[in-house]
Amino acid sequence: MKLCYSALSPFVRKVRITAIEKHLMDEIEIVESDHSDMFKGINPANPLGKVPSLTLDTSDVLFDSFVICEYLDSVGSGPTLFPASGLERARVLTLHAMANGMTDAAYQRRIDSIMPEGEGSPSWNNRLKLAMESCLDEMEKQADGYGETVNIGTIAVGCALGYHDFRFGAEQWRNNRPKLAAWYEKFSARPSLAQTAPA
Ligand SMILES: N[C@@H](CCC(=O)N[C@@H](CS)C(=O)NCC(=O)O)C(=O)O
């Protein structure tokens, strides 16, 4: 399997964490993305031009990160990260949707901040920042329930918080969110998160 990769992408990180948790890293070859012209996309294997994508030995190309993670979960070993059905599955996927949406908002703000002079939008940036803060507030309410659970929802929360620290550290999400901060400190020490943390 070939994973088209970018070292700092939080979406690629989610796939790498999943691959480590499912004991599949030895079967994955890393292919670097092409950053020569960001306005042309960085991954020719994906019609959307984005990373990650996973090319299988059958020549199938899987994207986006959620689809890749679910595939890896189904072919790897160890506890499942995606509950099979019913309300339990819906809850975990909703947590994933919130955390991944927060990461999307953070990524869009980051891209906006490096656009040529005058091409950014301060109003939209504020809208995205508000979404990130609302997600963080909701995570603080839920944090006691995360406990030691490892699934695609808590993995996505770990990636969202790691990316927030990496790109928006000055916004100090830990202020007034002690439960989430305590949970994240423990969760981010898991080998799969520690080995993939953005440097
Ligand atoms: N929904 C996608 C998001 C992927 C994404 O936004 N990737 C970014 C890197 S973090 C990317 O490839 N950006 C380059 C571009 O859009 O041209 C997923 O979950 O895989």
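Heavy atoms only: backbone and side chains are in, while hydrogens, waters and symmetry mates are out. For clarity, every value in this text was computed on a predicted model and none was experimentally measured.
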Minimum heavy-atom separation for Leu8 to Ala199, with atom names?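 Looking at all heavy atoms of both residues, the closest pair is CD2-O, 4.1 Å.
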Report yes if the side chains of [X] and [Y] come closer than 4.5 Å at any heavy-atom pair, otherwise no.
{"X": "Leu136", "Y": "Met102", "value": "yes"}
{"X": "Phe63", "Y": "Lys50", "value": "no"}
{"X": "Asn46", "Y": "Val61", "value": "no"}
{"X": "Glu21", "Y": "Arg190", "value": "yes"}
{"X": "Val157", "Y": "Met98", "value": "no"}
{"X": "Leu72", "Y": "Leu54", "value": "yes"}
{"X": "Asp34", "Y": "Asn43", "value": "no"}
{"X": "Ile20", "Y": "Gln195", "value": "yes"}

Is the count of non-hydrogen atoms from other residues, nucleotides or ligands lying under 6.0 Å from Glu88 atom CD greater than 12?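 No, because the 6.0 Å sphere around CD of Glu88 holds 12 heavy atoms or fewer from other groups.
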Give a yes or no on this: more than 12 heavy atoms of other residues, nucleotides or ligands lie within 6.0 Å of atom CD of Glu148.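 Not buried by this count: 12 neighbours or fewer within 6.0 Å.
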Same apolar cluster (I L V M F W Y, side chains within < 4.5 Å links), [X]/[Y]:
{"X": "Ile152", "Y": "Val12", "value": "no"}
{"X": "Tyr107", "Y": "Leu128", "value": "no"}
{"X": "Ile17", "Y": "Leu81", "value": "yes"}

Please determine whether side-chain contact (heavy atoms from CB on, under 4.5 Å) holds for the pair Thr154 and Phe187, giving the CA-CA distance in whole Å, both sets of side-chain angles, and the decisive distance to 0.1 Å. CA-CA 9 Å; Thr154 53; Phe187 194 70; 3.8 Å; yes
Could you go step by step and tell me if Leu161 and Trp183 meet the side-chain contact (heavy atoms from CB on, under 4.5 Å) rule? CA-CA 11 Å; Leu161 297 176; Trp183 172 81; 4.1 Å; yes
Is there any salt bridge (Lys or Arg N to Asp or Glu O under 4.0 Å) pair reaching into residues 166-177, and which pairs are they, with sequence neighbours excluded?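 Counting only pairs at least two positions apart or across chains, the salt bridge (Lys or Arg N to Asp or Glu O under 4.0 Å) contacts touching residues 166-177 are Arg109-Glu171, Asp137-Arg177, Asp165-Arg174.
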Under-4.0 Å salt bridge between Arg89 and Glu70: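 Looking at Arg89 and Glu70, the cut-off is met.
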Step by step, work out the side-chain contact (heavy atoms from CB on, under 4.5 Å) result for Leu56 and Leu62. CA-CA 8 Å; Leu56 307 183; Leu62 306 186; 4.1 Å; yes
Quick one: do the [X] and [Y] side chains pair a donor with an acceptor below 3.5 Å?
{"X": "Thr196", "Y": "Arg16", "result": "no"}
{"X": "Ser33", "Y": "His35", "result": "yes"}
{"X": "Thr80", "Y": "Asp73", "result": "yes"}

Euclidean distance, [Y] [atom2] relative to [X] [atom1], rounded to 0.5 Å:
{"X": "Ser74", "Y": "Lys22", "atom1": "OG", "atom2": "NZ", "result": "8.5 Å"}
{"X": "Cys135", "Y": "Glu140", "atom1": "SG", "atom2": "CD", "result": "14.0 Å"}
{"X": "Ile111", "Y": "Met38", "atom1": "CD1", "atom2": "CE", "result": "4.0 Å"}
{"X": "Ser77", "Y": "His23", "atom1": "OG", "atom2": "NE2", "result": "4.5 Å"}
{"X": "Ile155", "Y": "Lys14", "atom1": "CD1", "atom2": "NZ", "result": "9.5 Å"}

Plane angle bin for Phe166 and Tyr163 - parallel if under 30°, tilted between 30 and 60°, otherwise perpendicular: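 Answer is tilted, since the angle falls between 30° and 60°.
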Can you say whether the rings of His164 and Trp173 are parallel (under 30°), tilted (30 to 60°) or perpendicular (over 60°)?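 The rings of His164 and Trp173 stand perpendicular, inter-plane angle above 60°.
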Results of side chain to side chain donor-acceptor pair (under 3.5 Å) for Thr58 - residues two or more places apart only: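 Partners of Thr58 by the side chain to side chain donor-acceptor pair (under 3.5 Å) criterion, ordered by chain and then number, come out as Asp60.
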Should Phe11 and Asp104 be marked as a side-chain contact (heavy atoms from CB on, under 4.5 Å) after you check the CA-CA gap, both sets of side-chain angles, and the distance that decides it? CA-CA 9 Å; Phe11 305 102; Asp104 251 328; 3.5 Å; yes
Verify the ring-centre separation between Tyr71 and Phe82: is it less than 6.0 angstrom?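 Distance test on ring centres: not under 6.0 Å, no.
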Donor-acceptor check, side chain of Arg13 to backbone of Leu193, threshold 3.5 angstrom: yes or no?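 Between the backbone of Leu193 and the side chain of Arg13 there is a qualifying donor-acceptor contact (under 3.5 Å).
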